[in-house]
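Data block below; observations after.
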Amino acid sequence: MKDFKKTFAFIFFMLAGIILGGFIAYVCSGKDYVGWLAWGKDIGIQNVSVDLYVISFSIGLMVKATISQIFTIAAALIVFSKTCKNL
């Protein structure tokens, strides 16, 4: 049960950091002085299609990482390590 709590807290903090970073990037895009927070790159495989005559499928995975998400994920890791020591 102890490992479950710590794992759940870690996933919660990571998702909170990713979502908060995405929101900050959305808000800061197009602004003069904080527009650099919205800069990011797409990483991944766009589309791979396989056709085997009977079955065909496509696979793709794209992740967009922005500067603000990197900062908020780092902050979430710090907060996680400080608050979840005794879990």
Nearest 0.5 angstrom please: [X] [atom1] to [Y] [atom2], how far?
X	Y	atom1	atom2	result
Cys28	Trp36	SG	CH2	8.5 Å
Ile67	Thr72	CD1	OG1	11.0 Å
Tyr26	Ser68	OH	OG	13.5 Å
Thr66	Leu37	OG1	CG	8.0 Å

N/O donor-acceptor pairs under 3.5 Å from side chains in residues 80-87, not counting sequence neighbours:
residue	atom	partner	partner atom	Å
Ser81	OG	Leu77	O	3.4
Ser81	OG	Ile78	O	2.8
Thr83	OG1	Val79	O	2.8

Side-chain heavy atoms nearer than 4.5 Å, only ILVMFWY residues, links allowed to pass through others: does that put [X] and [Y] together?
X	Y	value
Phe10	Ile70	no
Leu20	Ile73	no
Val34	Ile24	yes

Contact summary for Ala25 and Ala38, nearest pair of heavy atoms: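 Minimum heavy-atom contact is O-CB, 3.3 Å.
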Considering all heavy atoms, the nearest Gln69-Gly22 contact: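 Nearest pair, atom of Gln69 first, then Gly22: CG-N, 3.5 Å.
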Side-chain cluster (under 4.5 Å, hydrophobic types only) that Ile19 belongs to, other residues: none
In a table with atom names and distances, give each donor-acceptor pair under 3.5 Å that connects a side chain of residues 44-65 to protein atoms at least two apart or in another chain.
residue	atom	partner	partner atom	Å
Ser49	OG	Ser58	OG	3.1
Asp51	OD1	Tyr53	N	3.2

